[in-house]
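Each chain gets a letter, A, B and so on, in the order the sequences are listed, and its residues count up from 1. Here the structure is a predicted model, which is why all the values come from computation and not from measurement.
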Protein chains: 2
Amino acid sequence: MTGRRKRATIRELAAYTGLSASAVSYALRGIHVSAETVERVRRAAEEIGYEADPIARALRGGATGMVGLIVGSLADFWNQELVRAVMRELRARGLHALVADADGEPGRELELARRLVDHRVDGLIASPVGPPGDDWGAIAGSVPMVTIGDALAGVPTAGEVVFDTDSGVTATLGHLHTLGHRRVAVLSWALETSPGRRAEVAVRRHAEAIGMEVMLVPCAYSLNGSRPLALDLLASADRPSAVFCLSDSIAYGVYHACAELGLAIPADVSVVGFDDHPISRLLQPSLTSTAWDVEAVARAATGFLGDALAGNAARQRMVVVPTLLARASTAAPGV
Amino acid sequence: MTGRRKRATIRELAAYTGLSASAVSYALRGIHVSAETVERVRRAAEEIGYEADPIARALRGGATGMVGLIVGSLADFWNQELVRAVMRELRARGLHALVADADGEPGRELELARRLVDHRVDGLIASPVGPPGDDWGAIAGSVPMVTIGDALAGVPTAGEVVFDTDSGVTATLGHLHTLGHRRVAVLSWALETSPGRRAEVAVRRHAEAIGMEVMLVPCAYSLNGSRPLALDLLASADRPSAVFCLSDSIAYGVYHACAELGLAIPADVSVVGFDDHPISRLLQPSLTSTAWDVEAVARAATGFLGDALAGNAARQRMVVVPTLLARASTAAPGV
DNA sequence: ATGAAAGCGCTAACAT
DNA sequence: ATGTTAGCGCTTTCAT
């Protein structure tokens with residue numbers, strides 16, 4: 001259809017400089033050649049606008065400069081923020097992001113990961129992933145991989161940014177308990193797809209420990225997914241005194257439902273989120289939530305990957321400790 | 001570092017089937033060969049798990065299955081939604097998104113576009129772009145490109161999804177005017193980078209037409225960018241009676257500022273957004289804004305690109321008409 | 001209908 | 001220090 005571009009090739013640069021292609025290749029990477037040649041070739045490349053073709057280089061086995069970024073669901077606002085932050089860090093390192101959204105289907109994550117590897121990404125960053133499976137081992141074995149969130153047990157990743165979910169959950173339930181809540185609904189997007197997830201396990205365990213009755217309710221990721229569910233949940237006569245949403249996006253849907261039902265937050269029902277999103281503090285009432293430092297997470301993840309790409313074999317690990325931001329959406333239950 | 005994967009190659013498949021590589025290549029694409037061979041090769045491919053290497057194919061000049069997606073700024077929540085929607089549509093077509101965030105720097109957009117072309121994306125989808133420049137012509141000439149938002153005048157794009165910004169702006173200003181507002185501050189993220197943008201031009205023109213005094217204020221994209229600015233703007237004695245934000249994200253920052261200043265919306269100041277975001281209706285008061293159907297936009301853009309990739313040379317164009325959602329953040333100015 | 005051979009642009013052995 | 005050669009995995013002439 002339209003005319004393909006006519007990029008300068010290494011052979012043209014070779015002809016231009018009077019060298020061979022390989023000499024040029026070496027010169028551009030500053031190996032095997034004299035400093036003088038390096039300089040001369042660099043300048044020549046500049047002149048004719050030569051830049052190595054990433055695809056050809058990739059075919060040969062080299063790096064592409066692309067990093068695969070796998071997200072559990074972009075419908076979740078916090079994940080959107082994470083993608084933004086990670087992409088920003090990647091760009092600072094001269095890398096591109098090949099983003100793949102599993103859209104809530106854990107099964108799709110592996111499939112996407114494989115595709116990304118097929119596309120020769122130099123590395124992989126995977127955030128909220130479904131339950132660990134053997135197949136991740138093969139992936140992580142073929143390309144450096146960094147996880148964000150829950151770690152993939154038994155998988156030889158290059159690094160992991162682990163969320164201390166337990167302490168986040170503990171703090172949240174403790175907060176509600178202190179306020180006097182004894183019956184709490186917990187809305188989780190992972191219940192059906194990844195039942196053994198740390199967060200849900202922690203909820204059950206800690207609730208039992210402090211003598212709190214929790215109802216775990218599976219819930220779609222997004223604002224629109226949680227609204228109808230919350231309508232049901234809160235319309236019933238014996239509604240819980242508090243709702244703990246394992247994602248702020250879910251909490252937004254609950255706000256919506258409360259407004260429709262004429263329920264006041266926190267007078268009639270307390271609402272808590274998770275993974276504090278910038279908007280949460282703007283809501284009325286401002287949403288109590290648990291914050292992870294997204295920028296720090298993104299920086300660590302890309303840093304780990306960068307180190308692995310640079311040949312550093314040491315597995316790195318960072319545990320991110322959350323901050324409970326008790327705001328106006330939680331209070332003692334009404335009588 | 002870790003062992004590279006050992007994908008089946010076309011030669012292996014050739015050996016396996018007793019055919020030549022070229023015959024296999026043809027068979028897989030169902031050309032030049034007997035139906036029987038096609039079937040046999042397909043089955044064999046299945047058996048040994050062969051799939052064409054996208055990188056090798058790309059080097060040869062074929063398609064990569066990757067689409068470049070250029071966003072003006074991912075700091076903007078609406079853009080995040082757009083990316084999500086577009087990626088979803090792309091995935092439905094079996095395509096991957098190589099996402100590039102210009103992060104508010106229009107100059108970076110072209111640079112990113114070039115890089116994406118270097119990476120052999122099959123096509124390009126570019127949303128909020130800076131001012132049109134000649135260089136876009138070269139890009140759009142080398143790879144099918146679809147724009148979202150303002151069209152790139154004079155650039156041979158494969159398609160454009162054009163926002164009828166004028167009518168959005170007109171409706172918004174009209175709405176404020178009807179309520180009785182005569183002095184309105186307009187917060188725009190494009191003022192410095194792309195002064196001639198349709199939206200800003202429309203604001204000036206229509207404000208003059210209806211006898212409204214507007215102050216155009218340049219403003220960073222995000223919530224955090226607009227807050228300090230709004231603090232200044234609204235603290236002054238002769239503050240405008242309404243603030244029109246050319247992005248909901250900006251409006252969120254204004255909400256924040258109002259809360260800090262103890263200003264009531266809309267009693268003390270009316271606030272309007274643009275590009276309705278799902279959260280806007282949840283705010284208190286709910287934010288008056290102008291909605292574009294994101295899903296429709298994404299569908300059209302990927303559809304246009306898909307058609308172009310399929311060889312359809314006809315340039316396509318869709319004009320998206322906005323809906324003004326008058327909500328609770330706008331009212332008659334107080335006395 | 002199928003095979004042989006060339007080549008996309010690059011890099012890494014192996015000369016020299 | 002530089003040149004020659006041989007591929008990476010695929011598609012496409014050009015033969016047969």
Side-chain angles (χ1 to χ4, degrees), chain A residues 3-42 44-45 48-66 115 117-122 142-143, chain B residues 3-42 44-45 48-66 115 117-122 142-143:
Chain A
R4 273 251 150 257
R5 87 179 170 308
K6 31 175 190 183
R7 255 160 80 88
T9 74
I10 200 171
R11 268 189 279 272
E12 284 165 18
L13 183 54
Y16 186 79
T17 55
L19 291 169
S20 73
S22 55
V24 166
S25 174
Y26 289 135
L28 288 172
R29 284 168 300 156
I31 51 177
H32 293 331
V33 286
S34 68
E36 182 210 359
T37 309
V38 168
E39 187 45 42
R40 189 162 58 93
V41 173
R42 288 243 163 91
I48 68 172
Y50 170 83
E51 245 178 305
D53 183 327
I55 294 306
R57 183 175 270 172
L59 181 61
R60 189 57 186 71
T64 51
M66 298 190 302
R115 281 227 186 299
V117 171
D118 284 353
H119 279 285
R120 302 280 209 288
V121 291
D122 296 339
S142 67
V143 79
Chain B
R4 272 251 150 256
R5 88 180 168 306
K6 23 154 206 209
R7 258 161 77 91
T9 73
I10 200 171
R11 268 187 280 270
E12 283 165 19
L13 183 54
Y16 187 80
T17 54
L19 290 169
S20 73
S22 51
V24 167
S25 174
Y26 287 136
L28 288 172
R29 284 168 300 156
I31 51 179
H32 292 331
V33 286
S34 68
E36 182 209 0
T37 310
V38 167
E39 187 45 43
R40 189 161 58 92
V41 173
R42 288 245 163 91
I48 68 172
Y50 170 83
E51 246 179 303
D53 184 326
I55 294 305
R57 182 174 272 171
L59 181 61
R60 190 54 186 74
T64 52
M66 298 190 301
R115 281 226 185 301
V117 172
D118 284 354
H119 279 285
R120 302 279 210 288
V121 292
D122 296 339
S142 67
V143 79

(message) Under 3.5 Å, is there any donor-acceptor pair linking the side chain of S22(A) to the base of dT4(D)?
(response) yes
(message) Starting the side chain at C-beta, find the nucleotide from dG9(C), dC10(D), dG3(D) nearest to Y26(A).
(response) dG3(D)
(message) Check this one for me: any side-chain N or O of R29(A) less than 4.0 Å away from OP1 or OP2 of dA12(C)?
(response) yes
(request) Identify which nucleotide among dC10(D), dC10(C), dG3(C) has an atom closest to any side-chain atom of D53(B), counting heavy atoms from C-beta outward. (result) dC10(D)
(request) Round to the nearest Å and state the distance from R120(A) atom CZ to dC10(C) atom P. (result) 16 Å
(message) Looking at dA1(D), I'd like to know if its phosphate oxygens (OP1 or OP2) sit under 4.0 Å from a side-chain N or O belonging to T37(A).
(response) no
(request) Map R11(A) and I31(B) onto DNA chain C by nearest heavy atom, then report which one ends up closer to the 5' terminus. (result) I31(B)
(message) I need the CZ-P distance between R60(A) and dC10(C), as an integer number of Å.
(response) 13 Å
(message) Taking only side-chain N and O atoms of Y50(B), does any of them lie within less than 4.0 angstrom of OP1 or OP2 on dC10(D)?
(response) yes
(request) Check every strand shown and say whether I55(B) touches a base, only sugar-phosphate, or nothing at a heavy-atom separation below 4.0 Å. (result) nothing
(message) I want to check something: taking the side chain as every heavy atom from C-beta on, are Y50(A) and L28(A) in contact at a cut-off of under 4.5 Å?
(response) yes
(request) Round to a whole Å and report the spacing from CG of L59(B) to P of dA6(C). (result) 18 Å
(message) When you measure from the side-chain N and O atoms of R57(A) to the phosphate of dT11(C), is any distance below 4.0 Å, counting only OP1 and OP2?
(response) yes
(message) Once you apply a heavy-atom cut-off of 4.0 Å, does A52(A) come out as touching a base, just sugar-phosphate, or nothing?
(response) sugar-phosphate
(message) Let's see if you can work this out: which of dC10(D), dT2(D), dG3(C) has an atom nearest to the side-chain heavy atoms of L19(B)?
(response) dG3(C)
(message) Just the rounded figure in Å: distance from C1' of dG9(D) to CD1 of I48(B).
(response) 13 Å
(request) Among dT2(C), dC10(C), dG9(C), find the nucleotide with the atom closest to the side chain of I10(A). (result) dC10(C)
(request) Mind grabbing the angle between the end helix axes of the helix from dA1(C)-dT16(D) to dT16(C)-dA1(D)? Five pairs an end, 10° rounding. (result) 40°
(message) If I take atom NE2 in residue H32(B) and atom P in nucleotide dC14(D), what distance separates them, rounded to the nearest angstrom?
(response) 13 Å
(request) Figure out the CD/C1' separation between E39(B) and dA1(C), and round it to whole Å. (result) 17 Å
